[in-house]
2 protein chains.
Amino acid sequence: MSAPSTPDGAGAGAIRVLLADDQALVRGALAALLALERDIEVVAEVGRGDEVVPAAQASGPDVCVLDIEMPGADGIEATAAVRRALPGCRVLVVTTFGRPGYLKRALAAGATGFVVKDTPARQLADAVRRVHAGLRVIDPALAASSLVEGDNPLTEREQDVLRLALTGAAVADIAGGLHLSQGTVRNYLSSAIGKTGTTTRYEAARVAQERGWL
Amino acid sequence: MSAPSTPDGAGAGAIRVLLADDQALVRGALAALLALERDIEVVAEVGRGDEVVPAAQASGPDVCVLDIEMPGADGIEATAAVRRALPGCRVLVVTTFGRPGYLKRALAAGATGFVVKDTPARQLADAVRRVHAGLRVIDPALAASSLVEGDNPLTEREQDVLRLALTGAAVADIAGGLHLSQGTVRNYLSSAIGKTGTTTRYEAARVAQERGWL
DNA sequence: GCCCGGGCATGACAGCTGTCACGGTGACGA
DNA sequence: TCGTCACCGTGACAGCTGTCATGCCCGGGC
């Protein structure tokens, strides 16, 4: 495979890529996949969100390929941090769950591309190239459902109580954790249940999470 | 990298591998990783559990590398089906969640190996070789926690009601779905809550799922 | 200055959840 | 034959959940 010229005129240099995924096997496999491309070079691999920026600063990638669910910091936080620390570096988010809420937050955080792990493997390298060229790479179906779903209707406090509800905490525990009264917590829960169209706080939390609202 | 001789004396032939994972990107990346090994050949890739046996029959793999969570049939069902249909074919289960319950059921279904996606990438090929040689490949930490946790204490009916509880169904819905009275359902739920050491049916269902009891 | 929304709170209420006691039936193993 | 276990059921009860009405305070936008 011949090496194409890079859009910014840098000549024969390969696209330098940093990979972040908490699963070592998946990360290594993705590195192997990208290493097949002569114009792409994997220069760093990390397994935690909070290792992305230090590793990027040390290795100087052109593109960061980031999973979302990682310890230390999630991929969206890492995206924002990368954009701040290395403005010339572009971010491609690669995630298991194609959640419209994730897509929106990723783009808001500065990601150039967003693909899900259902994507055919051969498209990953192309996505990296396109992102490197400054082109948007977003799964069309996901973009469509993101438009349909609209913005997150939950207030900050509603999100707070739902996050604790996800852990199975009782109203009294949530109240204690957020320094609110139990009645207030019940009001926020009830409101969140209404906005998600569910009947219990557990369902509300799950649906909010699925939509990327949490 | 030189090709080692195979343990069964088949000579220079590479180990034929079938890959099953519902995420195309992960599946393709794993195929790329294994394809780097001169003694391993990926002969088929499928994305659904119920495609495993037909594909295996068509391609004649020595080892099937199976994810667990797949549409059509999960990797444990696929393991049992492969062992029945092609007794000479060995199975290596590769999964995201290292759940002791999964491990036990996978081994009971006939899997020779069981690794989690936290495994370093370079160990996958070695795991495939060892499984091909008939050797057990099991993550030691997982094996240890599997022994500690003991068997699944839930009765069939308790599992049934917890599965429906996972979907957020109310007692009346669960009763209707299983043709039981509401009181009976509450008794089973209460018993399952006790056995999982939780306080709500949602937590009980989640914990049971985490332990591989569901 | 007014209006609106979010945050926070109290209180009342209907219905649900989970626990517990008790009991019948059938299968199975000793 | 007996004991045990799972399955199934009823009923009572305490406490929790979710809804709803109502109201205050504060900050932002018009």
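None of the values given here were measured: they were computed from a predicted structure. In what follows, chains carry the letters A, B, and so on, assigned in the order in which the sequence lines appear, proteins first and then strands, with residues in each chain numbered from 1.
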[X] side chain to [Y] backbone, donor-acceptor under 3.5 Å:
X	Y	answer
T196(A)	A192(A)	yes
T119(B)	V115(B)	no
K195(B)	L154(B)	no
R201(A)	L189(A)	no
T184(B)	L180(B)	no
R105(B)	I76(B)	no
R136(B)	G113(B)	no
N152(B)	W213(B)	yes
R16(A)	G60(A)	yes

**Asked** Taking only residues at least two apart or on different chains, which pairs with a member in residues 77-92 of chain B satisfy side-chain hydrogen bond (donor to acceptor under 3.5 Å, both in side chains)?
**Response** none
**Item:** Distance (rounded to the nearest 0.5 Å) between D67(B) CG and D21(B) CG
**Value:**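 With rounding to 0.5 Å, CG (D67(B)) is 4.0 Å from CG (D21(B)).
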**Message:** How about CZ on R122(A), more than 12 heavy atoms from neighbouring residues, nucleotides or ligands closer than 6.0 Å, or not?
**Reply:** no
**Prompt:** Any side-chain donor-acceptor pair under 3.5 Å between T199(A) and E203(A)?
**Reply:**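 Yes, E203(A) and T199(A) have a side-chain donor paired with an acceptor closer than 3.5 Å.
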**Message:** Side chains of E69(B) and Y102(B): any donor to acceptor distance under 3.5 Å?
**Reply:**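 Yes, a side-chain donor-acceptor pair sits under 3.5 Å.
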Atom pairs under 3.5 Å, N or O on each side, protein against nucleotides 23-29 of chain C: can you list them with distances?
none

**Message:** For the helix from dG1(C)-dC30(D) to dA30(C)-dT1(D), what angle separates the axis at the start from the axis at the finish, each from five pairs, in steps of 10°?
**Reply:**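 The value is 40°.
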**Prompt:** Among residues 169-189 of chain A, which residues get a heavy atom nearer than 4.0 Å to DNA chain D?
**Reply:**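 The stretch gives V171(A), R186(A), N187(A) as the residues lying under 4.0 Å from the strand, ordered by number.
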**Item:** Within residues 197-207 of chain A: residues closer than 4.0 Å to DNA chain D (heavy atoms)
**Value:**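 Listed by number, they are T199(A), T200(A), R201(A).
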**Message:** At a heavy-atom distance below 4.0 Å, which nucleotide of DNA chain D is the first touched by chain A, and which is the last?
**Reply:** dT17(D) to dA21(D)
**Heavy-atom closest pair, residues D50(B) and G72(B)** = OD2-CA, 3.4 Å
